Amino acid sequence: MLTVDALKKNIKNKNTSPIYLIWGTELYLAEEAIKTISSLLAPDERDFNLSIHNLDEISVQEVMEDAETMPFLGDRRIVVLKNAAFLTAAKDKAKIEHDIKVFEQYIQNPAEYTTLVIVVPFEKLDERKKIVKQLKSQAEIIQVSQLSNETAEKWLFKEAQSLKVSIETDAIELLLSRLGTKMSVLAKEIEKMALFVGENGTISKDTVDELVARTLEDDVFGLVDHVVHKRTEQALRSFYDLMKQNQEPIQIHALITRQFRIINGVKELQKKGYGEKQIASALKLHPYAVKLAAKHAGQFDESFLRKCLDDFAETDYKMKTGQMDKTLLLEMEIIKLSQAQKTSSLV
């Protein structure tokens with residue numbers, strides 16, 4: 001199984017395969033792999049000898065006819081099959097009739113002048129299928145799974161270097177906590193920030209905060225930060241700003257509850273001696289979110305946090321059953337939280 005970087009080295013060294021299977025949900029990497037394989041053709045050959053087919057719109061047997069067609073004004077064809085859902089357990093929504101036997105026959109005896117690229121943008125292949133077993137034994141497999149936080153951090157450092165800028169660790173942490181690890185999104189944002197800071201500039205946490213759109217969760221985290229540090233006026237101002245944006249009180253309350261669950265979870269695991277990375281793994285969170293929650297965890301004792309979560313459940317019930325105005329309920333809760341002492345109970 002190859003990474004995209006390993007594929008690039010192979011292609012550069014003219015070490016190629018007649019069949020490539022690109023499998024996984026990180027479409028940015030899938031496109032990088034297709035682009036790399038396409039570089040086997042000279043630019044002026046691609047109009048004639050590069051074919052890209054969407055199997056949601058065309059049958060696989062028609063594509064096999066294309067794969068068996070001799071190249072024009074060149075010695076190689078590249079045929080790309082996108083959305084090969086029939087290699088997974090997913091239901092094919094397009095309802096195209098694919099003749100898998102024709103595909104199997106081609107895989108057993110591929111045309112020597114064609115490079116076939118099969119793209120499966122799903123998390124899993126259906127290992128029970130004969131054609132999947134056949135492909136895994138005969139094709140070069142390139143897995144393009146979504147990046148882990150650690151891998152995404154390394155990729156962002158490398159991408160910044162390629163754009164002739166540097167990026168601070170805090171900036172990367174904030175960027176990943178705000179956007180996740182989807183590479184197509186990260187690539188656009190880091191390119192935008194690189195243009196902003198200019199060649200040899202530095203992308204800082206402030207750069208990310210200024211240029212990368214905040215999410216509702218970011219705004220709620222800011223509200224919780226005010227609550228934790230007993231800044232009642234600022235907490236209410238943040239809440240009123242969210243109301244002006246027509247945010248749903250139930251959703252805001254759910255995100256506040258989530259933040260306090262994270263704080264409680266971090267505190268419990270800290271007590272067991274877990275480090276930040278271990279906590280992030282156990283709670284399935286970005287390490288940056290754990291770092292921020294750890295700062296908040298010291299403001300409360302365990303009994304207070306448990307009481308908070310019980311009260312949140314009660315508030316949620318009242319909101320959803322219409323016992324009281326949702327906005328007023330949330331406003332009262334924010335005031336109680338921000339005025340409570342760290343060892344006290346809510347009233």
Side-chain angles (χ1 to χ4, degrees), residues 1-12 15-40 50-58 60 63 67 78-94 96 98 100 103-104 107 110 115-159 162 172 175-176 179-190 280-281 284-286:
M1 192 174 294
L2 292 179
T3 63
V4 175
D5 284 342
L7 171 68
K8 288 177 180 178
K9 288 179 183 176
N10 283 358
I11 296 293
K12 187 177 179 181
N15 178 13
T16 64
S17 171
I19 305 171
Y20 290 95
L21 175 62
I22 302 172
W23 154 51
T25 56
E26 185 45 83
L27 299 184
Y28 181 90
L29 283 176
E31 289 300 326
E32 278 284 299
I34 294 169
K35 188 170 146 186
T36 299
I37 296 166
S38 300
S39 70
L40 289 167
L50 173 62
S51 303
I52 299 177
H53 302 282
N54 184 343
L55 292 180
D56 287 342
E57 300 169 355
I58 187 172
V60 73
V63 180
I78 296 176
V79 177
V80 181
L81 292 73
K82 288 192 170 183
N83 298 319
F86 63 81
L87 297 174
T88 74
K91 190 174 180 181
D92 191 348
K93 296 177 183 177
I96 300 289
H98 296 298
I100 305 303
F103 187 51
E104 287 175 352
I107 298 302
T115 300
L116 185 68
V117 183
I118 306 148
V119 185
V120 188
F122 293 84
E123 286 186 7
K124 294 181 180 179
L125 298 169
D126 190 342
E127 305 282 351
R128 300 167 298 177
K129 293 183 176 179
K130 176 185 172 184
I131 184 60
V132 171
K133 293 174 183 175
Q134 189 177 343
L135 275 169
K136 289 190 83 171
S137 68
Q138 295 185 240
E140 193 76 78
I141 299 174
I142 304 152
Q143 190 168 2
V144 290
S145 301
Q146 191 167 338
L147 300 185
S148 66
N149 286 317
E150 187 176 347
T151 309
E153 286 176 9
K154 291 176 182 176
W155 181 81
L156 283 166
F157 272 120
K158 188 176 176 183
E159 191 68 10
S162 73
I172 286 180
L175 187 62
L176 292 176
L179 298 178
T181 59
K182 192 171 182 180
M183 291 179 74
S184 58
V185 176
L186 292 173
K188 288 176 185 175
E189 291 298 330
I190 196 167
S281 177
K284 296 181 180 178
L285 294 170
H286 188 276

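A quick note: this is a predicted structure, and the numbers were derived from the prediction, not measured. FYI, side chains are in, hydrogens and waters are out, and symmetry mates aren't considered; it's all heavy atoms of this structure. Heads up: numbering here begins at 1 and tracks the sequence.
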Within the structure provided, determine whether [X] and [Y] are in side-chain contact (heavy-atom separation under 4.5 Å).
| X | Y | result |
| --- | --- | --- |
| Trp155 | Leu186 | yes |
| Phe86 | Ile96 | no |
| Thr115 | Ile37 | yes |
| Asn149 | Thr181 | yes |
| Thr36 | Tyr20 | no |
| Leu87 | Lys129 | no |
| Leu176 | Leu156 | yes |
| Ile11 | Ser39 | yes |

- Any donor-acceptor N or O pair under 3.5 Å, side chains Gln143, Ser145: yes
From [X] [atom1] over to [Y] [atom2], what is the distance, rounded to the nearest 0.5 angstrom?
| X | Y | atom1 | atom2 | value |
| --- | --- | --- | --- | --- |
| His53 | Asn83 | NE2 | CG | 13.5 Å |
| Gln134 | Glu104 | CD | CD | 5.5 Å |
| Leu81 | Ile58 | CG | CD1 | 9.0 Å |
| Ile142 | Ser17 | CD1 | OG | 8.5 Å |
| Asn15 | Leu7 | CG | CG | 10.0 Å |
| Ile78 | Ile34 | CD1 | CD1 | 10.5 Å |

- Message: For Glu31, is there an ion pair with Lys82 - N to carboxylate O distance below 4.0 angstrom?
- Response: yes
- Residues which pass side-chain hydrogen bond (donor to acceptor under 3.5 Å, both in side chains) with Glu189, listed by chain and number, not counting sequence neighbours: Lys192
Of all heavy-atom pairs between [X] and [Y], which one has the smallest distance, and what is that distance?
| X | Y | value |
| --- | --- | --- |
| Leu147 | Ala152 | CD1-CA, 3.8 Å |
| Gln146 | Lys182 | NE2-N, 4.2 Å |
| Leu29 | Met183 | CG-SD, 3.5 Å |
| Ala30 | Val144 | N-CG1, 3.9 Å |
| Ala67 | Val79 | CA-CG2, 3.9 Å |
| Pro121 | Leu27 | CB-CD2, 3.7 Å |

- Any residue meeting side-chain contact (heavy atoms from CB on, under 4.5 Å) with Glu32, in chain and number order, not counting sequence neighbours: Val4, Lys8, Tyr28, Lys35
- Item | Ile19 backbone acceptor or donor facing Gln138 side chain under 3.5 Å | no
- Query: How far apart are the C-alpha atoms of Trp23 and Leu135, what are their side-chain angles, what is the distance that settles it, and do they pass the side chain to side chain contact (heavy atoms under 4.5 Å, CB included) test?
  - Reply: CA-CA 12 Å; Trp23 154 51; Leu135 275 169; over 6 Å; no
